[in-house]
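In what follows, a single structure is set out as structure tokens and then discussed.
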Protein chains: 2
Amino acid sequence: MDLPYRMYYRLKLIVLITLLVINAYAQSDDSLTISHIYAFALAHADGYENLKYLCKKAPGRLAGSQAAETAVNYSFDVLKNLALDSVYLQEVTVPHWYQGDRAEAKLISPVTGTKELSVCALGPSVPTPENGITAQVVEVLSFEELEKLGVKNVEGKIVFFNRPMDPTVINPMTAYSDAVNQRTQGAKEAAKYDAVGVLVRSMTTSLDDFPHTGVMRYEENINKIPAAAVSTQDAQLLSESLKRDPNLTCFLNMNCNDHGEKKSFNVIAEIRGSKYPDQIILAGAHLDAWFTGEGAHDDGAGCIHAIEVLRTFMKMSIKPNHTIRIVLFMDEEMNQSGGKTYADHVRQSRENHMAAIESDRGGLVPLGFTIDAPDQIIEKFIAFKKHFLPCYILRFEKGYGGVDINPLKDFNVPLIGFLPDVQRYFDFHHSANDTFDKIHIRELQLGSAAITSLVYLIDKYGLE
Amino acid sequence: MDLPYRMYYRLKLIVLITLLVINAYAQSDDSLTISHIYAFALAHADGYENLKYLCKKAPGRLAGSQAAETAVNYSFDVLKNLALDSVYLQEVTVPHWYQGDRAEAKLISPVTGTKELSVCALGPSVPTPENGITAQVVEVLSFEELEKLGVKNVEGKIVFFNRPMDPTVINPMTAYSDAVNQRTQGAKEAAKYDAVGVLVRSMTTSLDDFPHTGVMRYEENINKIPAAAVSTQDAQLLSESLKRDPNLTCFLNMNCNDHGEKKSFNVIAEIRGSKYPDQIILAGAHLDAWFTGEGAHDDGAGCIHAIEVLRTFMKMSIKPNHTIRIVLFMDEEMNQSGGKTYADHVRQSRENHMAAIESDRGGLVPLGFTIDAPDQIIEKFIAFKKHFLPCYILRFEKGYGGVDINPLKDFNVPLIGFLPDVQRYFDFHHSANDTFDKIHIRELQLGSAAITSLVYLIDKYGLE
């Protein structure tokens, strides 16, 4: 080997070692920063206290409601107090449906006796006539079963969709997906066979006395019939009663009603990037919540996660290269108008988003993230995993980003969903059981820390 | 290439492919079995119902108590009903200390006023004199601080150990380890400087009004002084009051007392191995629980996990090659006499244990296992991880096995600890807050399924 070659190889070796050292240093630097982010989160109760306020002062903050307005004002004020580069409201036209002040149901049978059922309206159900409806009940577990019954067995009756979320499925999100079409499509399907109303077994594996509401869709040219969720306990009772008395009737009376549209807002705040202010890393969640509960896990916790990203960057004086923006979306639950409006704005402004992260699976103990992006981005994303090992964040998986950020897919934005443990999630989901006391302060704090750490890494290394 | 060689290579290829197919088949077979184990666990509430009974009928089942006897009889009966190959009791001599019916403390100060403090005895504390003790209080955060104060500042006083479990540590088990010497060694250390009593801040990161008890140790030739746990809320109050009035006194009155020893039992049950009955896979937990609560998470849940291993094997008709034995150990909390007695039996009988698994970190959502074994066994153990990916069991780590199985280390038994999420664990631990309503049925069921699946894999593949 001649000298120039030897020198070349020596040089190459030196460069390689230097790179390794820099890399090791950068890694330990990142580990240190992430451990500081975690310590900061675990030492501060601001997020927890803010969530308490949101739950107690603005429960049931469905888009269009007074509580939603309170939530917008409150979160705006909280963000204003962080001395960020900007905090502003983005106007959103939301549906204004009101659940009413009456949702009653009764099982009536000379055989089993009369029994009140725990029900609530699905949104945006039409009301019953003022004095309610009383009709025979036909129980089905699927749309196929409904189709087989046909008009002759369904006409004039209340269809009772009673297929449970399968408890033997390990991932409750999967069990939810497998059962939820009864709620979203049930009324429309039943109306095809001239049913007069729909009762849907609540979407939860827990046996409880809370009706769990949620969205349903009507279809043009199909009769709109009233639709209610019934608690799992009363769904069992109704099913057993039907075995004893197939001719029993149910009385259903709801005065929910549609008020057209209303003006509301997405709440947006950001820290401007020091190097690339035009490139945005978005962390979002939705501010609205169903009328039934306080929206503690769905999705107050997510809003706190997002706010805490900004608080942590500010208080720890981390200056991001790129703009860190949070969006508290309005109206995820009913019409996703906040997410659509934001995407329209992006379309017009041609703003560049490096990534969008959404937290909308509750404030339980963090396990990881799911990502919806091309494979080479997923690879880069999975490489972040090593930084999270000491924090026990181990799941970096291909998967769904989130309902509010999903329209950003049109602009090829990598979409990331925060993934906490969800074994308990459907105990609370869309019901009166989703209250602040179900939030564990450490679990909430660890969620904020995980998302903040991910934002920190994306800001530093990008995802491309 | 001549014919014999070609035939040889062809044969080799055929053998290789066959092996690959068998291996793939075996794997998918295992995945199927494990998914069935999970579905079985998630479909059955027997374990949950048994835990309810144990919590409600035998709360505070400290070794030597009537409740412990009830727990022994109940779990024996539950196991008897499973039609196992054998169910028997193993005699254990346990300490018989009784917490008494009186544990009172009061903060007395002309400046801050009088305030009752939530306290309970540590076990096995000596009682106070019948009318209690009243003494000045000196707060310390460490033994070093105590040493610096010395006899002249400590003599005749109550030492108040107030170093909190560090909330900024991500793993609460680590924070616990870092703080718990105040409880285990505090009385002994304070007595060296002629203190008359000890108050220890409860071992929990939550700010609550429950005193969290636990074990403490006296030492020969050092004066035995009474020791109590004080709730974190009252520890804060006491600390703040001391700032305002350093001369305040505390009154402490406890009639806990020592009754020497008593006879009790480990509860043991097994399914005999069809091929290697002399080789045992042990799954264990402890049946005793502190007097303060129902012992739902510590360690009723662990006992249910163990029982459910046998129920699942029986009901699913899985015939193990090796003997599957469960041991519900008595007296983990005070003197670990159940674990020691069992190890003595192993020493005498020369029984061969392939592995011992303990569940004693609560009944929360399962994350993985820790193993205490030589490296080549850890490697084999970590190779099981692939089977657990669909169950989200991702942590296979070097670590502690468990208090009860630890003496089996003398016989080179690989020791495995079940690892659930523990962020909530110290909210309950050793306090009146450890009650059945804190158990989530799915989390409990998933724990049983994880341990049963691990036992199944060890039975099939071994750990050597």
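Letters A, B, ... are given to chains in the order of the sequence lines, protein chains preceding strands, and every chain is numbered from 1.
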Could you check B/Val169 against A/Leu42 for side chain to side chain contact (heavy atoms under 4.5 Å, CB included), going step by step and ending with a plain yes or no? CA-CA 8 Å; B/Val169 172; A/Leu42 288 166; over 6 Å; no

Atom pairs (donor, acceptor) spanning chain B and chain A, under 3.5 Å:
from     : atom 1 : to       : atom 2 : distance (Å)
B/Pro167 : O      : A/Arg442 : NH1    : 2.7
B/Val169 : O      : A/Arg442 : NH2    : 2.9
B/Ile170 : O      : A/Arg442 : NH2    : 3.2
B/Asn171 : ND2    : A/Tyr392 : OH     : 3.3
B/Tyr392 : OH     : A/Asn171 : ND2    : 3.3
B/Gln423 : OE1    : A/Arg442 : NE     : 2.7
B/Gln423 : OE1    : A/Arg442 : NH2    : 3.2
B/Arg424 : NE     : A/Glu443 : OE1    : 3.4
B/Arg424 : NE     : A/Glu443 : OE2    : 2.8
B/Arg424 : NH2    : A/Glu443 : OE1    : 2.9
B/Asp427 : OD2    : A/His440 : NE2    : 2.7
B/His440 : NE2    : A/Asp427 : OD2    : 2.7
B/Arg442 : NE     : A/Gln423 : OE1    : 2.8
B/Arg442 : NH1    : A/Pro167 : O      : 2.7
B/Arg442 : NH2    : A/Val169 : O      : 2.9
B/Arg442 : NH2    : A/Ile170 : O      : 3.2
B/Arg442 : NH2    : A/Gln423 : OE1    : 3.2
B/Glu443 : OE1    : A/Arg424 : NE     : 3.4
B/Glu443 : OE1    : A/Arg424 : NH2    : 2.9
B/Glu443 : OE2    : A/Arg424 : NE     : 2.8

Which atoms of [X] are under 4.5 Å from chain B, going by heavy atoms: the side chain, the backbone, both sets, or neither?
| X | value |
| --- | --- |
| A/Ile441 | neither |
| A/Leu446 | side chain |
| A/Leu207 | neither |

Apply side-chain contact (heavy atoms from CB on, under 4.5 Å) to B/Ala432 and list each qualifying residue two or more places apart in sequence or on a separate chain. B/Phe210

